[in-house]
Amino acid sequence: MGNDGGSIPDRRDLVKSKKKAEQADKANQTRAVWFFCALSKRPLQEPIVSCALGKLYNKDAIIEHLLDKTAYGDAEKICGHIRSLKDIKALKLTPRSPPPPPDSSADVAKFVCPLTFKEMNGGQPFVYILTCGCAFSQSGLRTVLGSSPLNGNTAAEERSVDKDEQLEVCPQCATKFSRSSDIFMINPPLEEEERMYAAMELRRSLEPAKKSKKRKAGADVVADDVATNKKKGSPEDHSPSPAPGLNPKISAASRSLAQSLAVEEAKRKAGMSDAVKSLYRGKNDAPRKETFMTMGTFTRYA
């Protein structure tokens, strides 16, 4: 049947089935978001920051992106919502003790929860507090707070914020925070990330509009006002402005210095001989015909 001396072809050799769609490895995806920077794809190294969507970045990569938007090709898609350093928060992560050796695999977590000592490797959901940046496992923070902590990244219509809400205290640094608005999930699921994005847009829409600084226009207006005042006013209408007064201490010191110099000059002239005095003439003295070359000499005329 196979024309090769007795081989029998199987169905899979004759019928070509449709190839299954390739699925991304979940383990690799988890490793990528928890151990590598979302922007530069380099291993996470402190200082580590997070945005309103809970993604993890190296701070130097964010600074490089803000200085040069073309530094990373897919930056607009990954962190286009980051407008300045005010849109990120530096995280206070608890390092693993003892730290993993440098030659260890990438699956070994470098940071743990300070409450439960669970590794920050994607196996447990982690959250961070916006006011201080401390990061905890969600279960550990829930145990300390006494109830399930609400995410501050949920939409406003899904949570009601009481004005008289009692603030909680961070279990690590004792910084006060709001349970309903200051807790953000790190690397959330896709649905939660969409809610976080909607909440971020809502918060930005409620921010007051910034006043644009029109320095050039303001300078032009001032120049026009000055020109108008010059045209309207004449030199006769304006009296000369008085000179600014000197500091009393400076004027007193200058007077005392002038007096001391005058006393020294009087002493010097008092010790001069008549011959030396004759070389000098006062302001009120009559002009002399001879000069200092012929003064006091005898000229014989033939």
I would like to know whether Ile183 and Leu141 meet side chain to side chain contact (heavy atoms under 4.5 Å, CB included); could you show each step before the answer? CA-CA 10 Å; Ile183 299 178; Leu141 190 60; 4.1 Å; yes
Output, in order, the C-alpha distance, side-chain angles, deciding distance and verdict of side chain to side chain contact (heavy atoms under 4.5 Å, CB included) for Glu119 and Arg96. CA-CA 8 Å; Glu119 295 182 353; Arg96 180 194 184 105; 2.4 Å; yes
Going through the checks in order, is the side chain to side chain contact (heavy atoms under 4.5 Å, CB included) test met by Ile48 and Lys59? CA-CA 6 Å; Ile48 299 173; Lys59 189 174 182 179; over 6 Å; no
Go through it in stages, so that I can follow the logic: the residues are Lys55 and Ile186, the test is side chain to side chain contact (heavy atoms under 4.5 Å, CB included), and I'd like the CA-CA distance, side-chain angles, deciding distance and then a yes or no. CA-CA 6 Å; Lys55 297 180 181 179; Ile186 300 176; over 6 Å; no
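Of the possible polar contacts, one joining the Ser205 side chain to the Leu202 backbone as a donor-acceptor pair under 3.5 Å is found. Between the side chain of Asn58 and the backbone N or O of Pro47 there is no donor-acceptor pair closer than 3.5 Å. Side chain of Lys41 to backbone of Ala38: a donor-acceptor contact under 3.5 angstrom is found. Under a 3.5 Å cut-off, the side chain of Asn187 and the backbone N or O of Val33 do form a donor-acceptor pair. The closest donor-acceptor contact from the side chain of Asp87 to the backbone of Arg83 lies under 3.5 Å. Thr116 contributes no side-chain N or O that, together with a main-chain N or O of Cys113, makes up a donor-acceptor pair within less than 3.5 Å.
Taking OG of Ser181 as the start and CZ of Arg203 as the end, the distance is 9.0 Å to the nearest 0.5 Å. Taking CG from Asp74 and NZ from Lys77, the interatomic distance works out to 7.5 Å, rounded to the nearest 0.5 Å. The SG atom of Cys173 lies 7.0 Å from the CD1 atom of Ile129; values are rounded to the nearest 0.5 Å. Distance check: Gln259 CD to Leu261 CG gives 10.5 Å after rounding to the nearest 0.5 Å. In this structure, the separation between NZ on Lys92 and SG on Cys132 is 5.5 Å, given to the nearest 0.5 Å. A distance of 11.0 Å separates CG of Leu91 from OG1 of Thr94, quoted to the nearest 0.5 Å.
Crowding of Glu207 atom CD: a count of heavy atoms from other residues, nucleotides or ligands under 6.0 Å exceeding 12. By the 6.0 Å contact criterion, CD on Glu46 is enclosed, its count of non-hydrogen atoms from other residues, nucleotides or ligands being greater than 12. With a 6.0 Å radius and a threshold of 12 heavy atoms from other residues, nucleotides or ligands, Lys69 has its NZ atom above the threshold.
With sequence neighbours excluded, no residue satisfies side-chain hydrogen bond (donor to acceptor under 3.5 Å, both in side chains) with Gln45.
Cluster partners of Phe117, using a side-chain heavy-atom cutoff of under 4.5 Å among ILVMFWY residues and allowing indirect links, are Val112.
Residues Cys170 and Gln172 form a side-chain contact, since some pair of their non-hydrogen atoms from C-beta on lies under 4.5 Å apart. Looking at heavy atoms from C-beta onward, Val49 lies out of side-chain contact with Lys89 at the 4.5 angstrom threshold. In this structure the side chain of Met120 never reaches within 4.5 angstrom of the side chain of Phe35, judged on heavy atoms. When side chains are defined from C-beta on, Ser139 counts as touching Lys118, because their heavy atoms get closer than 4.5 Å. Looking only at side-chain heavy atoms (C-beta outward), Pro171 and Leu115 come within less than 4.5 Å of each other. Contact check for Ile62 versus Leu39: side-chain heavy atoms found under the 4.5 Å cut-off. Side-chain contact check for Ile82 versus Tyr57: some heavy-atom pair is nearer than 4.5 Å. At a threshold of 4.5 Å between non-hydrogen side-chain atoms, the residues Gln138 and Arg142 count as touching.
Nearest approach of Ala52 to Met196, heavy atoms of both residues: O-CE, 3.1 Å. Across every non-hydrogen atom of Gly122 and Trp34, the tightest pair is CA-NE1, 3.3 Å. The heavy-atom pair separating Pro43 from Phe36 by the smallest distance is N-CD2, 3.6 Å.
In this structure, a donor-acceptor pair under 3.5 Å is absent between the side chains of Tyr197 and Glu193. A donor-acceptor contact closer than 3.5 angstrom is absent between the side chains of Thr175 and Thr131.
Under a hydrophobic clustering in which Ile, Leu, Val, Met, Phe, Trp and Tyr are joined whenever their side-chain heavy atoms come within less than 4.5 Å, directly or via other members, Ile78 and Ile88 fall into the same cluster.
By the 30° and 60° cut-offs, the orientation of the rings of Phe184 relative to Tyr128 is parallel.
For residues 123-139, there are no salt bridge (Lys or Arg N to Asp or Glu O under 4.0 Å) pairs, not counting sequence neighbours.
Ion pairing of Glu192 with Arg195 is present here, as a side-chain N (NZ or NE/NH1/NH2) and a carboxylate O approach within less than 4.0 Å. Using a cutoff of 4.0 Å between basic side-chain nitrogens and carboxylate oxygens, Glu168 and Lys176 are not scored as salt-bridged.
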